[in-house]
Amino acid sequence: MSNTFGSLFRITTFGESHGAGIGVIIDGCPAGVAVDAAHIQAALDRRRPGQSDLTTPRKEADTVHIQSGLFEGVTTGTPISLFIPNADQRSDDYSHIAHAYRASHADYTYDAKYGRRDYRGGGRSSARETAARVAAGAVAAKLLAHFGIETVAYVSAVGEVEVPVGYELLDLSLIDSNLVRCPHPETAALMEARIRAAQAAHDTVGGVITGVARHVPAGLGEPVFDKLPALLGQAMLSINAVKGFEIGSGFEGTKLPGSQHNDEFYTDAVGAVRTRTNHSGGSQGGISNGQDIYFRVAFKPVATLLQPQQTINDQGEAITLVGRGRHDACVLPRAVPIVEAMTQLVLADLLLRARANRV
């Protein structure tokens, strides 16, 4: 099982949903980056369960414990160890699936791969693992901030309800002004109603998160396999429930002729190289060009339903299964900081790699 992500700025996550806790080892973070527990905790608080009545009622404080790699609020250049204890496990909620394969879950595939599985909350396949990524992303964000790079994400669609304008026309400071984390207030209200309707029907709903990175210098990304969009795509598709990724104009760009889709270059008033449009999403040839990087991530509806579903058990026998436990009707609001974290990890890694590429 691969639990490591990144090349120079590298993380390894560990732990299970119903174990003692989860955590991450960050290796390769340079010395001298100012990081404190409050900053990491603020990121975790945006992802934690139980933060509103739109999310799972599981109560986890997600209190981070910094075990190594920092001294007097600054990174030392040695491995950083962050640990987040589990406090509100209810393993009995999952005893009924010890031998069942839940629809659209990893139960069968884990059995097929390993011959055994931790059925308590999905074990390692649980989205609880992503808290470790958010903690690591908070450290990466501090490194990026040193170079003036900003990252942000927001909910741009819930089911059929979609923000009607692009990120350039939104006030992104409003992202955390509502429970849905959508910076378009009118659409946010409709999204909240859509999620509550799913809750009332004991059903779930998916959607889309848009990510944006600003002030990224030109030159990040490798020209062949480790292209910037390729690494972002891998990062996003590694998040639980993600089913799609597109950057820049994405699939809509296929409807334009090349004469309209090409991003023409010019030199601005201060001599910087710019493009008149940004259909490329800030990347050409797999390398950042200095424009905003923007992308969309598609999340499927949560697989656990509190209503009967037909499936089989590990003996191949047909059974009817009703979900139990505490689950989100929509993962989008809590997934926003996860998308931000994975963006931060990719950019931090590529930033260090770029700095090693030339004198």
Side-chain angles (χ1 to χ4, degrees), residues 16-18 47-60 86 88-112 117-131 155 157-162 179-182 190-209 236-244 297-336 338-339:
E16 297 84 29
S17 176
H18 285 238
R47 194 223 68 99
R48 69 176 177 83
Q51 60 187 268
S52 79
D53 61 356
L54 290 185
T55 69
T56 169
R58 178 171 174 170
K59 296 296 184 182
E60 292 285 358
N86 290 332
D88 189 24
Q89 311 99 312
R90 295 182 187 174
S91 300
D92 288 346
D93 284 348
Y94 299 92
S95 58
H96 67 299
I97 63 163
H99 299 285
Y101 293 148
R102 292 169 295 171
S104 286
H105 283 75
D107 303 330
Y108 167 69
T109 52
Y110 264 58
D111 259 358
R117 63 186 171 93
D118 182 350
Y119 59 83
R120 303 167 304 165
R124 186 75 176 141
S125 69
S126 169
R128 178 129 187 84
E129 179 270 343
T130 60
V155 176
V158 171
E160 68 285 354
V161 181
E162 187 169 2
L179 300 180
V180 187
R181 294 203 167 96
C182 171
L190 296 175
M191 289 175 172
E192 181 174 338
R194 181 65 181 87
I195 296 173
R196 293 192 187 282
Q199 287 177 323
H202 299 298
D203 213 333
T204 61
V205 62
V208 177
I209 289 177
M236 299 307 151
L237 288 164
S238 74
I239 300 171
N240 306 60
V242 169
K243 289 297 181 183
V297 186
F299 285 77
K300 71 174 184 176
V302 176
T304 299
L305 304 181
L306 302 182
Q307 55 179 270
Q309 295 225 283
Q310 302 306 306
T311 187
I312 63 172
N313 61 23
D314 56 14
Q315 300 302 306
E317 300 165 333
I319 60 173
T320 299
L321 194 66
V322 179
R324 286 169 23 197
R326 299 159 293 172
H327 307 279
D328 295 272
C330 178
V331 299
L332 275 296
R334 293 178 58 216
V336 164
I338 305 171
V339 169

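- Put simply, the side chain of R117 gets close to the backbone of A98: a donor and an acceptor are under 3.5 Å apart.
- A donor-acceptor contact closer than 3.5 angstrom is absent between the side chains of E16 and S126.
- In this structure the side chain of T320 reaches within 4.5 angstrom of the side chain of Q310, judged on heavy atoms.
- Contact check for V336 versus I209: side-chain heavy atoms found under the 4.5 Å cut-off.
- Using a cut-off of 4.0 Å between Lys/Arg side-chain N and Asp/Glu carboxylate O, R124 and D118 are scored as not salt-bridged.
- Here the straight-line distance linking atom CG of L305 with atom CZ of R102 works out to 11.0 Å at 0.5 Å rounding.
- Closest approach of R181 and P333 over heavy atoms only: NH1-O, 2.9 Å.
- Among all heavy-atom pairs drawn from P308 and V322, the shortest one is CA-CG2, 3.7 Å.
- A side-chain contact (heavy atoms from CB on, under 4.5 Å) with V205 is found for one member of Q199, M191, R194, K300 and no other, namely R194.
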Could you check R196 against L54 for side chain to side chain contact (heavy atoms under 4.5 Å, CB included), going step by step and ending with a plain yes or no?
CA-CA 7 Å; R196 293 192 187 282; L54 290 185; 3.7 Å; yes

Could you give me the CA-CA distance, side-chain angles and deciding distance for D328 and R334, then say whether side chain to side chain contact (heavy atoms under 4.5 Å, CB included) is met?
CA-CA 9 Å; D328 295 272; R334 293 178 58 216; 2.7 Å; yes

From CA spacing to verdict: side chain to side chain contact (heavy atoms under 4.5 Å, CB included), V339, F299:
CA-CA 11 Å; V339 169; F299 285 77; 4.0 Å; yes

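- Nearest heavy-atom pair, S104 versus A303, reported as atom, atom and distance to 0.1 Å: O-CB, 3.8 Å.
- Heavy-atom minimum distance, R128 versus R47: NH1-NH2, 3.3 Å.
- The two residues N313 and E317 have their closest heavy-atom pair at ND2-OE1, 2.7 Å.
- Expressed to the nearest 0.5 Å, how far CG of D203 lies from CG of L306 amounts to 9.5 Å.
- The distance from atom OH of Y119 to atom NE2 of H18, rounded to the nearest 0.5 Å, is 10.5 Å.
- Under a 3.5 Å cut-off, the side chain of N86 and the backbone N or O of S17 do form a donor-acceptor pair.
- Atom-to-atom distance recorded for T109:OG1 and D107:CG is 7.5 Å, nearest 0.5 angstrom.
- From E162, atom CD reaches atom CG of L190 across 12.5 Å, with rounding to the nearest 0.5 Å.
- With 3.5 Å as the limit, one finds a donor-acceptor pair spanning the side chains of D314 and H99.
- At distances below 3.5 Å, at least one donor-acceptor pair connects side-chain atoms of T204 with backbone N or O atoms of V302.
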Begin with the C-alpha distance, continue with both residues' side-chain angles, and end with the deciding distance and a verdict on side chain to side chain contact (heavy atoms under 4.5 Å, CB included) for I97 and L321.
CA-CA 8 Å; I97 63 163; L321 194 66; 3.9 Å; yes

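- Here Y101 contributes atom OH and T311 contributes atom OG1; the two are 9.5 Å apart, rounded to the nearest 0.5 Å.
- T130 places no side-chain N or O within donor-acceptor distance of the main-chain N or O of I338, the cut-off being under 3.5 Å.
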